[in-house]
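A, B, ... follow the sequence lines: proteins, then strands. Residue 1 opens every chain. Only heavy atoms go into these numbers, but all of them, side chains included; no hydrogens, no water, no symmetry mates.
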Amino acid sequence: MIFSLVKRNVLLYFRDKISVFFSMLSVMIIIGLYVLFLGRMVESSGEVAGENARFLTDSWIMAGVIATATITTTLGGLGQMVDDLSRKINRDFETAPIERWKIVISYAISSVVIGVIMSIFTFILAEVYIIAYGGEFVGFGALLRVLGVVILSTVASSSFLFFFVSMIKTMNAYSTISTIVGTLIGFLMGIYVPVGALPNAIQSFIKVFPFSHSASLIRQIMINEVIDLEYLPREVSETLGIQFYFNDVVVSQLTSIMFLVGTALIFFGLSVIITTKRKREV
Amino acid sequence: MDKIIDVLNLHKSYGEVHAVKGIDFYVEKGKLFAFLGPNGAGKSTTINVICTLLSYSEGEVIVDGLKLGIDDALIRQRIGIVFQDSVLDNLLTIEENLRIRGSFYGLSPNELDTAIENALIVTDIKEIKNRRYGQLSGGQRRRVDIARALLHNPKILFLDEPTTGLDPQTRKSVWRMIENLYINHGVTVFLTTHYMEEAAKADYVVVIDNGEIVAKGTPIELKEKYSTDSLQIKPIDKKKVTQLLIDNKVAFTEISDLMIIPIDSTMDSIPLLKLLDQQISAFQVLNGTMDDAFIGITGKEMRE
């Protein structure tokens, strides 16, 4: 039952070309902006990476793009839940001998499946871009680690977003949320403006925002392929949001991972509470 | 007599609103049951309660020997519902839709294949099974909706206005399919409709208004009780005929240049025609219809 519901939701997402396009829109905008402002960024990283300046900047921006995809495409995948509710398709599920929790969990699982597929697709595009401009393909170990972070980040964002989306009843409200997320995400991930260039209050907020840790982890893995992280000056690392520091103590990869795991668990719990308490409506 | 649905003193309130105010009725097994009522009468609420979608405030409902509210999972296994608005996915093909929805009923892969095959044949949509639901015509969609509801061989099929919005020809062919279901396949059909000619074919009719049952019986009983036959005449000289009718204490109403005289039975028209001989240019004797009966019961037109 869960399997066929997940299959349904995933099929419906990929057959609706417009929803696929819109869930990738933020990613495309970021890449577009990057291409436009490329020259200046490469220049400024030249002093750190030397001849690898281009490879470094490309890896940095693409790491942010992949982290963004784990959120926006997962949100796109959750749209089916709102669509079913607003078109009252859920009545067909609720009058069948299938437990309610199975229906609900299948939306969450399908958003993870969609998010992972689309993020991997983004990762492939990113690598193609990096190689096309003289960079190198990530090593096998780094590839697996990126995939691991992508999956973790997608699960956490599915859990986090599910909590908010499950309170929505109309497609209008859902579109509004998608627009807000799509607009803010580039800033929260420290892509449009590097974290170090933002005011302190916002920097602190970004540091406790779970998904900027996805970006940070993917940056660490991908940039390590260009230049050994140990040789990266702290100032550069901190400014570009590659590593976060709390009172001069660097946030370890394990801490970032645990932070994402914690987010996934807490919001999963909250989502369970909210969906079981919601009254049945027709 | 075998009751497949038995509703006893059913109440349903939404906060302050008392939508269903203690109704009693039953549905006989293998019959075509019509549930009628104007919009907002409590019709949908009642169906949603029986279909396990809504909880109820008071009373008891037994569906195929199972108590509603306790054995809901088992009841769901035995009912099929065709909702008024479509609940299938536009972007999936007919077969994909049926396979996904069919997976809810715990059938083995082989059983599911057979179930899909049978449903496609009964509803006559096998040739188009690979087309996307969203690309189908209204009549074809209805057939798919019905196929979906039949997948698990339900004992009771709920049809909520199955022919609304279809053109007359499609409506007839969908209706023939529904008739085939309860005549040849022994499915009990619980129907709501806006078309009185469909209700007239039911074995039993219940009319609900303002949350209460206002009439029940076979279509013939309802017609006899709530509608009258009438004699329609076209007078040559309206004033003269009017006077003649008043003198003979015959009640009548006028509609443009026609005059309508209610009569108890069609035979009663003979003495009236004798009386009006030479005074009229045309006449017609009309039997009461379900439409008349419905208006007689609720004081409202069905189609708004």
Side-chain angles (χ1 to χ4, degrees), chain A residues 1-23 76-107 109-111 113-114 169-171 276-282, chain B residues 12 14-15 19 44-56 63 66 68 71-93 96-107 109 112 132-135 145 148-149 151-152 154 156 158 160:
Chain A
M1 283 181 206
I2 293 181
F3 177 76
S4 56
L5 277 172
V6 169
K7 189 179 142 199
R8 165 187 181 261
N9 299 338
V10 173
L11 265 179
L12 287 175
Y13 172 83
F14 284 106
R15 287 209 183 150
D16 185 0
K17 302 286 181 291
I18 309 246
S19 83
V20 175
F21 175 79
F22 276 105
S23 61
L78 286 172
Q80 192 59 45
M81 179 165 73
V82 184
D83 194 40
D84 286 349
L85 193 67
S86 69
R87 289 170 53 207
K88 296 186 172 181
I89 285 176
N90 59 325
R91 290 180 303 173
D92 193 55
F93 305 150
E94 284 169 23
T95 51
I98 166 170
E99 293 88 337
R100 210 186 137 73
W101 70 266
K102 288 186 180 172
I103 305 171
V104 174
I105 201 86
S106 70
Y107 288 120
I109 294 173
S110 35
S111 77
V113 172
I114 290 165
K169 292 190 179 66
T170 66
M171 280 314 272
T276 49
K277 276 198 172 172
R278 186 165 61 191
K279 270 202 237 159
R280 278 159 131 213
E281 284 169 54
V282 179
Chain B
K12 171 69 188 175
Y14 300 97
S44 298
T45 304
T46 308
I47 296 175
N48 285 337
V49 168
I50 301 173
C51 292
T52 73
L53 265 177
L54 273 179
S55 60
Y56 52 97
V63 179
L66 301 163
L68 190 76
D71 299 315
D72 285 3
L74 286 169
I75 291 174
R76 287 170 184 159
Q77 196 78 46
R78 299 183 194 184
I79 60 171
I81 308 160
V82 175
F83 294 95
Q84 207 173 320
D85 312 307
S86 171
V87 291
L88 296 179
D89 298 313
N90 288 335
L91 293 171
L92 300 182
T93 66
E96 286 168 338
N97 264 304
L98 295 181
R99 195 163 290 280
I100 287 164
R101 309 296 166 110
S103 73
F104 300 162
Y105 298 90
L107 301 171
L112 183 56
R132 287 200 184 169
Y133 183 77
Q135 293 166 344
D145 296 343
R148 184 264 170 266
L151 279 174
H152 51 294
I156 310 164
F158 289 86
D160 196 1

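Annotation: side chain of Asp85(B) is in contact with side chain of Arg91(A) (closest heavy-atom distance under 4.5 Å). The side-chain heavy atoms of Thr95(A) and Phe83(B), taken from C-beta on, include a pair separated by under 4.5 Å. Here the side chains of Leu11(A) and Leu91(B) are not in contact, with every heavy-atom distance at 4.5 Å or above.
Between Asn90(B) atom CG and Arg87(A) atom CZ the span is 5.0 Å, to the nearest 0.5 Å. Taken from CD in Glu94(A) to CG in Asn48(B), the straight-line distance is 11.0 Å, to the nearest 0.5 Å. Distance CZ/Arg101(B) to CD1/Ile89(A): 6.0 Å, rounded to 0.5 Å.
Each of Arg78(B), Gln77(B), His152(B) was scored for a side chain to side chain contact (heavy atoms under 4.5 Å, CB included) with Pro97(A), with one residue passing: Gln77(B).
Within a 6.0 Å radius of CZ in Phe93(A), other residues, nucleotides and ligands contribute more than 12 heavy atoms.
For Asp16(A), the parts lying under 4.5 angstrom from a heavy atom of chain B are both the backbone and the side chain.
Close approach to chain B, defined as a heavy atom under 4.5 Å from one of its heavy atoms, is seen in Met1(A), Ser4(A), Leu5(A), Arg8(A) of residues 1-10 of chain A, taken by number.
In summary, Asp92(A) and Arg148(B) engage in a salt bridge, as defined by a charged side-chain N under 4.0 Å from a carboxylate O.
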